[in-house]
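First up is the structure itself, then whatever we jot down about it.
The chain is numbered in sequence order, starting from 1.
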Amino acid sequence: MISLALHIIALADAAPTAIPLSVENGGELRSSGSLWQKLDRIAAGSDFLRRDVLHTPGSAHGLNCYVFEGPHGGGEPIPIACFAGIHGDEPAGPLAIVKFTEALVRDPSIAEGYHLFLYPICNPGGFDAGSRFSVSRKDLNREFWKNSQEPEVVLLEKEIQQQAFHGLVSLHSDDTSDGLYGFVRGAVLARSLLTPALNAAEKSLPRNRDHIIDGFPAENGIISQCYDGILTSPPKLENTPFELILETPQHASLEKQVDAFVAALLSILTEYRKFIAFAADL
């Protein structure tokens with residue numbers, strides 16, 4: 001079995017002390033504890049979804065993660081990772097992963113040929129505090145591949161190195177943007193995946209088509225540069241995975257942000273499957 005993880009500073013069973021978080025149609029997800037409980041209930045009703053737990057030796061810190069092993073697709077399963085909640089004040093991503101897993105359980109064929117590694121809350125301390133930052137007051141999305149000692153970063157870096165993902169997708173919300181946009185990194189096909197993903201998400205929210213977004217040059221809501229230290233694959237990999245960062249406008253309806261993320265994730269699975277099939281025919 002493939003092991004994977006999502007860091008939580010308090011154990012998943014601990015009593016939550018969070019600022020309430022809600023979606024119009026999912027208000028019961030008010031803390032990391034209730035979110036884990038919801039995902040555990042979903043996993044209990046599925047032969048494809050499980051929770052994996054990993055602990056750092058000698059530490060109380062642990063990773064809590066959900067793996068969806070789709071039906072066999074005829075070849076080796078394709079590992080794709082999705083990360084959310086690296087900024088604790090952006091609840092749309094974690095809630096979207098819950099809704100996404102519900103869709104997968106209803107129709108497992110969506111994930112045929114995939115092993116999906118879902119990290120719903122990469123910064124549980126910040127999530128429960130409603131804060132962008134970790135409990136040590138660090139922006140974890142500026143700490144990757146810098147020899148950081150932040151436990152969340154150490155554990156996620158280890159997972160990324162060990163699992164050899166074909167693709168990494170990160171979910172964020174931007175409080176300075178009025179529309180959807182995304183960053184692309186890594187494999188050349190990343191842009192080919194992001195364009196239809198944004199098209200699918202636009203059914204819920206408008207796209208940001210400004211020429212400058214978040215300080216970077218942009219074209220039709222797509223940015224090819226990014227900040228240093230963000231959650232990505234290791235530098236100088238021989239086989240670079242595709243890497244997408246999806247951003248929703250944080251001031252928009254939380255429900256619409258969740259729907260936009262789910263539509264984008266479903267699109268990415270569909271489009272990457274087409275790419276794999278095309279490559280196999282070459």
Side-chain angles (χ1 to χ4, degrees), residues 1-18 21 23 26 28-57 59-72 77-86 88 91-108 110-128 140 151-165 167-171 231 258 261-262 265 269:
M1 300 291 285
I2 296 176
S3 173
L4 91 98
L6 197 282
H7 172 257
I8 57 172
I9 293 175
L11 296 177
D13 296 329
T17 57
L21 300 172
V23 172
E28 79 278 6
L29 303 180
R30 299 176 183 274
S31 68
S32 61
S34 59
L35 190 141
W36 303 133
Q37 291 168 13
K38 175 69 172 179
L39 284 167
D40 286 345
R41 288 195 297 270
I42 296 170
S46 173
D47 293 330
F48 299 95
L49 181 67
R50 73 175 190 271
R51 182 179 74 170
D52 279 0
V53 179
L54 178 75
H55 290 289
T56 303
S59 171
H61 293 297
L63 289 174
N64 206 22
C65 231
Y66 293 83
V67 187
F68 193 92
E69 296 186 3
H72 187 62
I78 302 166
I80 304 290
C82 182
F83 305 91
I86 194 76
L95 294 171
I97 287 185
V98 173
K99 190 167 184 177
F100 181 56
T101 58
E102 290 177 324
L104 295 173
V105 168
R106 285 194 302 269
D107 184 4
I110 293 171
E112 181 179 338
Y114 286 107
H115 278 184
L116 303 179
F117 296 71
L118 307 175
Y119 301 76
I121 308 176
C122 297
N123 175 11
F127 185 84
D128 281 344
L140 298 181
E152 301 92 341
V153 174
V154 172
L155 289 167
L156 288 171
E157 286 181 346
K158 182 179 179 181
E159 284 294 296
I160 292 169
Q161 289 175 317
Q162 290 182 341
Q163 302 299 346
F165 298 120
L168 287 73
V169 182
S170 295
L171 307 182
L231 195 164
V258 168
F261 277 141
V262 172
L265 291 172
L269 295 185

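In this view, Tyr114 satisfies the ring-ring contact (aromatic ring centres under 6.0 Å, His included) rule with no residue, not counting sequence neighbours. Taking the side-chain hydrogen bond (donor to acceptor under 3.5 Å, both in side chains) definition, one finds that Asp47 meets it with nothing, sequence neighbours left out.
In terms of heavy-atom proximity, Pro108 sits nearest to Pro71 at O-CD, 3.2 Å. In terms of heavy-atom proximity, Ala84 sits nearest to Pro94 at CB-N, 3.6 Å. Nearest heavy atom pair, residue Ala96 against residue Val258, reads CA-CG1, 3.8 Å.
Between atom SG of residue Cys122 and atom CG of residue Leu231 there is a gap of 6.0 Å, rounded to the nearest 0.5 Å. Here Leu155 contributes atom CG and Glu159 contributes atom CD; the two are 8.0 Å apart, rounded to the nearest 0.5 Å. To the nearest 0.5 Å, atom NZ of residue Lys158 and atom CD of residue Gln161 are 10.0 Å apart. Note that CD of Gln163 is 11.0 Å distant from CG of Leu168, once rounded to the nearest 0.5 Å. Remark: Leu116 CG to Ile97 CD1 distance equals 10.5 Å, nearest 0.5 Å. The distance from atom CD1 of Ile80 to atom CG of Leu118, rounded to the nearest 0.5 Å, is 11.0 Å.
Using a distance-only test at 3.5 Å, with no hydrogens or angles considered, no donor-acceptor pair links the side chain of Ser46 to the main chain of Ala43.
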Decide yes or no on side chain to side chain contact (heavy atoms under 4.5 Å, CB included) for Ile86 and Tyr119, but give the supporting numbers first. CA-CA 10 Å; Ile86 194 76; Tyr119 301 76; over 6 Å; no
Criterion side chain to side chain contact (heavy atoms under 4.5 Å, CB included) on Asp128 and Ile121, from CA distance to verdict: CA-CA 10 Å; Asp128 281 344; Ile121 308 176; over 6 Å; no
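Considering only heavy atoms from C-beta on, Leu95 stays 4.5 Å or farther from Phe261 through its side chain. Taking the side chain as every heavy atom from C-beta outward, Phe48 and Leu104 never approach each other to under 4.5 Å.
With Pro120 as reference, Leu39 is the one residue of Leu39, Leu171, Thr101 to meet the side chain to side chain contact (heavy atoms under 4.5 Å, CB included) rule.
Between Phe117 and Phe165, the ring-plane angle classifies as perpendicular under the 30° and 60° cut-offs.
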